[in-house]
Amino acid sequence: MDYSATAPWSGQTLAPEKSSKLYIRDYPHRSVAIVTSTHALIFRHSASTSSDGHGYGGNGYQSSPVPGGRSRGPGADATVSKCIVEFTPRSENTLSDYRPLISRPIFGTLGLISVDGDVFISVISHATRVATLRPGETVEKIASVSFFCLNSDRWDDVVAVESLDPEWSDAASTFPPSPYGQNLSRREVTLEHPCQDLRKLLGNGTFYYSTDFDLTNRLQDRPINSTSFEIDNFDDSFLWNSFMISPLVQFRSRLIHTEREALDSSRILTSAIRGFCRTMAIPQTSAPLRTSTTGLPSYLTVISRLSCRRAGTRFNARGIDDDGNVANFVETETLYWSPRGTLFSYGQVRGSVPVFWEQAADLLPGKQNITITRSPEGTQPAFNKHFEELEHAYGAVHVINLLSAEKPGEAQLSRLYHRAVQYCPLSEVGPNTSRDHALLRETNYDFHAETRGAAGYEAAREIGRYIENSTDSFAYFLAEETDDPSDDVSVSEGHGRMVVVLEQEGVFRTNCLDCLDRTNLIQTMISQMAGESFLAQRGEYATADFWMRHSTLWADNGDALSKIYAGTGALKSSYTRHGKMSLAGAVADMRKSMQRLYHNNFTDAAKQTTIDRLLGRLVNQVPVLLFDPISDYVTMELNKRSFEFSSSKEITMWVGTFNLNGRTEGIDTDLTAWLCPEELGSCQPEIVAVGFQEIVELSPQQIMNSDPTRKQLWGKAVKRTLNAHYQQKGGERYVLLRSGQLVGAALCIFVKASALGQIKNVEGSVKKTGLSGMAGNKGAVAIRFDYASTPICFVTAHLAAGFANYDERNRDYATIHHGLRFQRNRSIDDHDTVVWLGDFNYRIGLGPEVARALVKKGDLSTLYENDQLNLQMVAGLAFPFYSEARITFPPTYKFDVGTDNYDTSEKARIPAWTDRILRKGQNLRQIAYNSAPLKFSDHRPVYAIFQCTVNIIDEALRERISQELYQRRRTEVGDSTHLDTDDTEDEDLIGYDAIEPGLPPASSDRQKWWLDNRQPARADIKPPRALDGQAVVLNPNRPSNPFSPTSEADWVTVPRSRVDSFSTTLSTSPFEYVPAPHDLLTPSTSNPAARKLPPAFDASTLPTRAGRLHIRDDTASAESPTSGTPPPPPPPRRQTGATASAMSAAQSPASNMSFNKVAPAPAPPPRPSSALSELSQLSPHSKHKPAPPIARKPLHLASASSMDHSPVAIHRTGPGPEGDAKPQPPARASTGFPNPNGGDRTRPLPARNIVGGSVGKRAPAAPPKPLAIARGQKQGPVDLLDSLEDEGPRDLDSWETLTPAHKA
């Protein structure tokens, strides 16, 4: 019978709310917008790129040094494309300049990718529904995608031609040619779209997505009742567009909460898996769980998720890599939904043999030799990592190896596989312990040898005998609809709230050589075994018609996975479909084998390159960088103003733990004394957390299996007691939020019906510790959720027993604390409020008689001083940072059942507080801690009452503040997608405001406040004091980099007579200025009265040459016609307020300031007088500004007079005839920058002694004169070096270098 018709979703069009439109704006900048009915996501390419050598700019963004450049192939610098993105509500103004890019709707975007320097956005242009897991959860198959360029219209008119190779697309025979394409042959195409291969790959019918739920995770690993999902929770291992969508996911994470929700609900961002997905509708006549209330069919679904971690084609991806990823790793999940409200799930995995091996393609069958590429010892670390990740994700792992023992290559792989399993820590078991209790088990099953007889493939069903123990212990996932009316707004209307009943605790890992044909057949049988176990526990059975539909789904699954990896459908699929192997099936297998040879030798290499490009694994391939300046600013401001929309309230939590000793007699007992103690008074707790231990008898048969029946019975008893008690007082009813079980340990969370609307993100997890983590008789069950904005976690644990085993109990705690993980790898510590409850089994370290006597006396303090848990916590060996309230009740273990007498058996166990409740969280206040007198177990139940302060966010107010900030910022900087960034790079500066008033704006990669106005950073340094007759200067031998390790001292001592050789700085480095203290200066440098004026001007003494301004020590220059005629005086200088104040400051003895003067004529080609001035010319900030002119000395400047206390160099800094005297900016000595005009202009000149501003040889002393600077007078020392030109001689003989002095 053909069951393909029973999948009613094939070819079904999608609802309009799941689609969007694509718009484009051409001017002033090309922008593309994805528009829904309420919002728009707008992209615009930015031509600015930068890099720091590692692919990242200074502000943390990835960037490239080649603006708009293209990758130059392997080894070239990676080019990062940069785009501006904005998510905004739709309005008339938003799309006023846009036009439709295409006429048909799209179904979300797969992300952005850069190909050859162009940025493309990928959108789903055609999709069909293929599966419905349950009402409200659908899956679509991608039929075709389109790529649109963001930065160029070059590719707008390029037609994406369908492949002429029918074997390239696995879906070529299924999907007709796109009605939007043109029927062009290859010869008519002159230009191929850069993303043509990606388009073929994504549109070949093997990619799936869902806008209703998280398709990358199993049903067990995602919220069971949530109608929405967060894309950043997806499992990257199965997210094939992770590389393309990651920039958008990061952008989404920076949005405020309401905008994130709006973006998620818009269904713009799409996450795609690769593999297989299909649902069959089971009519009521064939459904195993029938219902008479509705006529709805049941849904049977198979989902396969192919990992993208080591993705590739058959001979290009084999074995394992160093990160523990294996080729062709697939997670397959069988799901069954019944209208009765039952949801079943069972998962399996397959993957290549996890050792390092390769296999070369060959045209001759049987000639593909297997090569082992690494030694067993070198393989073990990667092997261990692979199975540690499997154990973390699925629990215990049972390996089923189907390789042949007769084929040499496969036999060699089997031997290496077996050896690696033996040496893996997960396979270790304790003494006298069965191998079935190991976390890693293996079964070697030679499929070909076992099915060689007359029974054929039917004989493979005997594998059940080898794995039945693991099948029972692994269990399955089961959720059922509760009878509580739902008050949770997240639950779909018309459907009850689902409650998790049982979770799968292990997984089968099946492999053959390719993990295709033999593997798929065995996995089909294992899936059927799990389904039969589920039905048998409920007393139901399935018809042959149901199992035939099940086999058809698995056969389709095998064909789809085989086409992806090997290029053809699966072999042996005839038996999988019909239960027998026909002649036509054998012929079909032979044809498929020949087709595989062709694909493996001629087409797989090109496919592999396309796969690597999609996953971002090509050399130098980097993701597109998205930048949203306005949203980033809004998020920052909201964080600062969080107090405006945040509040808090107190809720009451009742927490209790009870070791039931495997008994059920108390189910009908009144539990009010425990669940509703007197300490509560009239208060009704919002949350009730109940932990049970030994809910079933921990026999050897039970420790590997979790039976949910007992947990359900006790959960109903607790709920019945709570509702009966509080309804009598006019209170609210309780509903079961979630429950979890690990063999004998169970945890149930009940909440008031009115509190359901405040709770979200409910998750559960378990961690085994029994038999070193192999069995579930000991371990923990945890449930976490968010109450409003406060994350809360409850953990019930049953730790190792035994009086002296406190070290093992400490290890159990550490195992649970570090190993228990929720979704998104969230740990126990990632919560504001944590409560541990359970039977921790810590004892009292006293003899039985002493302990009983102290209990009888009521001396609890002495007992507590000897309590093992108390001592271990004080020593920091267990439960660090947790607190326990004062114990005011007698030990709760061990009693004779039904009495208040402690153990009177032969063992006479010492009374102990084994049942405890611990807390952690600054928002917790404990108000009660006691035990209850329930006597049907050998333990007494314990309870605690807490007041918990939770944070409440006023979403409406936060949204209003967010909108105000957004509109204000948008008004200030304009639309972020309209920013002009072609010539400037303002997007890197937007949002970098001062964090406090009075401070400069925050720096970016292109603007640094400490270099504003071309001023270097300066610091005052005080040298240490030295002995008499010595002075201290900076060590000239120390390295220029202060962070370099060196043995050189920072300071050295020199004779005081040499201090004047350093002028007014103690540093010998040309890059820094350290002023010398006045008490170290010699009289010639520190006493203004001792200064001597320079000689009167005599033009005959200056060897100058008019026009060229060369200074030479020769006699020819004295023969100049102008040597005997003094030059005319300079024009009078204009006295401005700044000049007058500067001059008066210069007369002060404390002043040490230099001045600039405007030059009267245009200067020759400038020579930087300091490294800073030259650096400013080379700086990118000044590329649009002319370099400041450099001062030159006029020929007629001849006389000079001394300042009172320091030399003053007068420079001309302007081209006009007159200029204002301005303070000269601090100057550093040469940094060795090259001269753009040629020559070395920055080589420092030799320094000589400078005294009182005189130059050359010292003149006879003259009486000092008061300094009087008036209009027209020529005062101050002469800096003759500024008159040098490039070609002038460097040998100045006796001429000294004048360095302006500055006060640090």
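In this chain, residues are counted from 1 in sequence order. Computed from a prediction, not measured in an experiment: that's the story for all the values here.
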So do the side chains of [X] and [Y] get within less than 4.5 Å of each other, counting heavy atoms only?
X	Y	result
C748	L736	yes
V688	V751	no
N810	D807	yes
V795	V781	no

Restricting to non-hydrogen atoms, name the atom on [X] and the atom on [Y] that form the minimum distance, rounded to 0.1 Å.
X	Y	result
L722	C676	CD2-SG, 4.2 Å
G506	F474	CA-CD2, 3.4 Å
A851	I910	CB-CG2, 3.7 Å
G838	T657	CA-OG1, 3.1 Å
Y902	V855	CE1-CG1, 3.7 Å

>> The test is side-chain hydrogen bond (donor to acceptor under 3.5 Å, both in side chains); show your working for E808 and Y813 and say whether it passes.
In response: CA-CA 9 Å; E808 187 174 350; Y813 160 76; over 6 Å; no
How about [X] and [Y]: does a side-chain donor come under 3.5 Å of a side-chain acceptor?
X	Y	value
S827	D830	yes
S345	Q504	no
Y734	E686	no
T258	E955	no
D670	T672	yes
T862	D859	yes
R733	Q727	no

If you measure from the Lys or Arg side-chain nitrogens to the Asp or Glu carboxylate oxygens, is any gap between [X] and [Y] under 4.0 Å?
X	Y	answer
R852	E849	no
R809	D812	no
E391	K767	yes
K768	E505	yes
R826	E763	yes
D938	R663	no
E503	R738	yes
R960	D954	no

Keeping the roles fixed (side chain from [X], backbone from [Y]), state whether a donor-acceptor pair exists under 3.5 Å.
X	Y	answer
T796	L837	yes
S739	V500	yes
N225	M498	yes
R843	N841	yes

So, taking the atom named [atom1] in [X] and the one named [atom2] in [Y], what distance separates them when rounded to the nearest 0.5 Å?
X	Y	atom1	atom2	value
L675	Y943	CG	OH	11.0 Å
S861	I887	OG	CD1	11.5 Å
E884	M873	CD	CE	6.5 Å
L871	L869	CG	CG	9.0 Å
T892	D839	OG1	CG	7.5 Å
S962	L957	OG	CG	11.0 Å

For [X], I'd like to know if atom [atom1] has over 12 heavy atoms of other residues, nucleotides or ligands within 6.0 Å.
X	atom1	result
K716	NZ	no
K729	NZ	yes
F881	CZ	no

>> Under the criterion side chain to side chain contact (heavy atoms under 4.5 Å, CB included), I'd like the reasoning laid out for T482 against V735: C-alpha separation, chi angles, the key distance, then a yes or no.
In response: CA-CA 9 Å; T482 180; V735 297; over 6 Å; no
State yes or no: are the ring centers of [X] and [Y] separated by less than 6.0 Å?
X	Y	value
W714	F658	no
F822	H831	yes
Y893	Y842	no
F344	F477	no

> Can you say whether the rings of Y929 and F889 are parallel (under 30°), tilted (30 to 60°) or perpendicular (over 60°)?
Replying inline: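 Perpendicular, since the angle between the ring planes exceeds 60°.
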> Can W913 and D867 be said to form a side chain to side chain contact (heavy atoms under 4.5 Å, CB included), step by step?
Replying inline: CA-CA 8 Å; W913 287 296; D867 176 69; 4.2 Å; yes
> Going through the checks in order, is the side chain to side chain contact (heavy atoms under 4.5 Å, CB included) test met by F692 and K711?
Replying inline: CA-CA 9 Å; F692 294 109; K711 184 194 67 175; over 6 Å; no
> With K935, which of T899, T669, D900, D896 fulfils side-chain hydrogen bond (donor to acceptor under 3.5 Å, both in side chains)?
Replying inline: D900
>> With side chain to side chain contact (heavy atoms under 4.5 Å, CB included) as the criterion, how do T709 and V696 come out once you've worked through the C-alpha distance, each side chain's angles and the decisive distance to 0.1 Å?
In response: CA-CA 10 Å; T709 306; V696 296; over 6 Å; no
>> If we check ring-ring contact (aromatic ring centres under 6.0 Å, His included) with W654, which of these qualifies: F946, W674, Y726?
In response: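 With W654 as partner, ring-ring contact (aromatic ring centres under 6.0 Å, His included) holds for just one option, W674.
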>> Checking T833 against N923 for the side-chain hydrogen bond (donor to acceptor under 3.5 Å, both in side chains) test, could you report, in this order, the C-alpha distance in whole Å, the side-chain angles of both residues, the deciding distance, and whether it holds?
In response: CA-CA 7 Å; T833 303; N923 60 337; 2.8 Å; yes
>> I'd like to know whether R821 forms a side-chain hydrogen bond (donor to acceptor under 3.5 Å, both in side chains) with H392, so could you lay out the CA-CA distance, the side-chain angles of the two residues, the decisive distance to 0.1 Å, and finally the verdict.
In response: CA-CA 8 Å; R821 288 291 187 271; H392 175 75; 5.5 Å; no
